[in-house]
Amino acid sequence: MLSEPRAGRLTSWGNALLAGLVSPDDAVIAIVGADAVHRVAGLPGEAAPVGLTLALGRLRSLGVTGLRIALPAPGHPLGLSGPPEFNARALEAEEAVVCHGAAFGLVPEVFEAGPQGDVHVEVVWHCLPVREAPPADVPSLGEAERELAEALREATEVLTRLDVAGSGPVAEAALAAYRARAEAGREVLAPGYPQRAVRVLELAQRVGMLVSLAYENGPGGAVSASEMAGRGAALRPVERTARRAQVAAYNAVVEERERGVR
């Protein structure tokens with residue numbers, strides 16, 4: 001969870017484009033990010049994959065008025081509504097985008113190409129039918145913010161207990177990189193999102209960073225198999241809370257529209 005999910009960029013900037021707040025060119029540049037190119041396959045009326053600009057325009061013409069993110073994990077279909085075929089593809093990718101206003105979903109497939117040292121990434125979003133139903137286990141922004149405050153305390157306590165916070169230069173470098181990103185004034189969400197969603201997403205990313213450190217930076221103080229198992233048991237609920245909060249933040253625009261806030 002150290003990096004922004006591709007489905008997050010598509011959801012955020014796709015919503016801004018659908019609302020007329022950004023140009024198609026700006027939206028596509030933000031969605032593609034450091035990747036080489038993104039295409040959409042399986043779009044109704046198109047026999048071959050098409051570029052993002054055409055795809056987003058076509059989805060709008062098919063009735064799509066907003067986008068939601070899904071970040072499922074085994075045993076936790078977060079943000080999904082079915083059918084099983086779509087859920088399985090989304091679970092394999094660990095992310096997806098579900099359209100609001102028309103029963104379509106988009107699941108990314110990532111390809112790496114090029115020689116060693118000059119590898120570039122291409123993404124194909126597969127457009128598939130989805131079930132029109134409420135997404136699974138998505139909290140409100142208020143719920144997510146309250147849960148995150150507790151999760152941050154829990155993550156900090158777990159890292160301290162397992163000595164992960166002092167687990168060496170890798171952990172320190174990761175913390176420094178996170179602080180640099182936070183201080184660079186990066187645009188966390190596209191225009192049109194409420195400030196509370198930005199705050200929730202930033203905190204969710206911070207909690208996710210702490211969980212990643214705990215998992216990735218050696219055994220720390222957990223020197224036995226039972227202690228390693230204990231680490232996983234302690235961190236899984238924290239990671240789950242951070243993912244739920246990310247989904248709540250990215251979906252805030254659509255959720256507020258449904259509640260008549262805007």
Side-chain angles (χ1 to χ4, degrees), residues 3-72 79-83 85-114 119-132 135 186-193 246-247 249-255 257-258 262:
S3 60
E4 184 179 24
R6 290 181 173 89
R9 296 201 303 266
L10 178 54
T11 298
S12 173
W13 289 90
N15 279 329
L17 176 61
L18 290 169
L21 299 175
V22 297
S23 70
D25 287 346
D26 287 344
V28 169
I29 288 171
I31 293 167
V32 173
D35 299 332
V37 65
H38 285 212
R39 297 184 179 88
V40 179
L43 200 63
E46 298 293 339
V50 301
L52 275 177
T53 302
L54 175 58
L56 289 168
R58 178 63 54 82
L59 288 171
R60 188 207 301 265
S61 72
L62 290 169
V64 173
T65 58
L67 302 173
R68 289 187 173 107
I69 190 176
L71 294 176
L80 298 175
S81 58
E85 296 81 3
F86 180 79
N87 287 6
R89 292 284 292 268
L91 180 58
E92 182 179 0
E94 299 182 339
E95 59 179 313
V97 173
V98 179
C99 298
H100 178 68
F104 301 108
L106 301 163
V107 179
E109 186 175 7
V110 181
F111 302 90
E112 291 186 350
V119 175
H120 64 274
V121 175
E122 299 180 3
V123 179
V124 175
W125 293 89
H126 295 277
C127 183
L128 303 164
V130 298
R131 181 182 298 142
E132 293 186 281
R186 64 189 176 90
E187 199 162 16
V188 178
L189 287 167
Y193 275 83
Q246 282 199 77
V247 171
Y250 283 118
N251 293 358
V253 168
V254 173
E255 300 302 333
R257 187 183 305 143
E258 284 194 330
R262 295 186 176 191

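Hydrogens, waters and symmetry mates are skipped; everything else that's a heavy atom, side chains included, is used.
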Peer 1: With rounding to the nearest 0.5 angstrom, report the CD to CZ distance, Glu132 to Phe104.
Peer 2: 9.5 Å
Peer 1: So Leu17 and Arg60, side chain to side chain contact (heavy atoms under 4.5 Å, CB included) or not? Walk me through it.
Peer 2: CA-CA 10 Å; Leu17 176 61; Arg60 188 207 301 265; 4.2 Å; yes
Peer 1: Listed by chain and number, what are the salt bridge (charged side-chain N to carboxylate O under 4.0 Å, His left out) partners of Asp26, not counting sequence neighbours?
Peer 2: none
Peer 1: Check Ala96 against Pro108 and note the closest heavy-atom contact, atom names and distance.
Peer 2: CA-CD, 4.5 Å
Peer 1: Which heavy atom of Thr11 sits nearest to which heavy atom of Leu67, and what is that distance?
Peer 2: CG2-O, 3.3 Å
Peer 1: Counting only heavy atoms from other residues, nucleotides and ligands, does the tally under 6.0 Å from CZ of Arg39 exceed 12?
Peer 2: no
Peer 1: Count the heavy atoms of every other residue, nucleotide or ligand shown that sit under 6.0 Å from CD of Glu46, and state whether that count exceeds 12.
Peer 2: yes
Peer 1: Using the side-chain contact (heavy atoms from CB on, under 4.5 Å) criterion, which residues pair with Val121? Sequence neighbours excluded.
Peer 2: Arg6, Asp35, Val110, Glu112, Val123
Peer 1: Roughly how far, to the nearest 0.5 Å, is CG of Leu52 from CH2 of Trp125?
Peer 2: 8.5 Å
Peer 1: What's the shortest heavy-atom distance between Pro191 and Leu21, and which atoms?
Peer 2: O-CD1, 3.5 Å
Peer 1: Is Cys99 close to Val130 at the side-chain level, that is, under 4.5 Å between some pair of heavy atoms?
Peer 2: no
Peer 1: With side chains defined as the heavy atoms from C-beta onward, is the minimum distance between Leu80 and Pro135 less than 4.5 Å?
Peer 2: no
Peer 1: Could you tell me whether the side chains of Asn15 and Tyr250 share a donor-acceptor contact shorter than 3.5 Å?
Peer 2: no
Peer 1: Please enumerate all residues that pass side-chain contact (heavy atoms from CB on, under 4.5 Å) together with Ala30, with sequence neighbours excluded.
Peer 2: Trp13
Peer 1: Quick one: does any side-chain atom of Arg257 pair with a main-chain N or O of Thr65 as donor and acceptor, under 3.5 Å?
Peer 2: yes
Peer 1: Measure the shortest side-chain to side-chain distance between Val98 and Phe86 over non-hydrogen atoms and say whether it is less than 4.5 angstrom.
Peer 2: yes
Peer 1: Would you say that Leu106 contacts Leu59 through its side chain, given a criterion of any heavy-atom pair below 4.5 Å between the two side chains?
Peer 2: yes
Peer 1: Starting at CG of Leu10, measure out to CG of Leu56 and round the result to the nearest 0.5 Å.
Peer 2: 6.5 Å
Peer 1: On a heavy-atom basis, which atom in Val124 and which in Ala41 lie closest, and how many Å separate them?
Peer 2: CG1-CB, 3.8 Å
Peer 1: Answer yes or no: is there a side-chain heavy-atom contact under 4.5 Å between Val32 and Val37?
Peer 2: no
Peer 1: Taking CD in Glu122 as the centre, count heavy atoms belonging to other residues, nucleotides or ligands within less than 6.0 Å. Is the count above 12?
Peer 2: yes
Peer 1: To the closest 0.5 Å, what do you measure between CG (Leu128) and CZ (Arg89)?
Peer 2: 5.5 Å
Peer 1: How about Pro5 and Gln246: do any of their side-chain heavy atoms sit closer than 4.5 Å?
Peer 2: yes
Peer 1: Calculate, to the nearest 0.5 Å, the distance between atoms CD1 and CZ belonging to Ile69 and Arg9 respectively.
Peer 2: 10.5 Å
Peer 1: So which atom in Arg58 and which in Pro44 form the shortest heavy-atom distance, rounded to 0.1 Å?
Peer 2: NH1-O, 3.1 Å
Peer 1: Ignoring hydrogens, what is the shortest heavy-atom contact between Ala90 and Pro72? Give both atom names and the distance.
Peer 2: O-CG, 3.6 Å
Peer 1: Just by modelled atom types, is the Leu189 backbone N or O under 3.5 Å from a matching donor or acceptor in the Ser12 side chain?
Peer 2: no
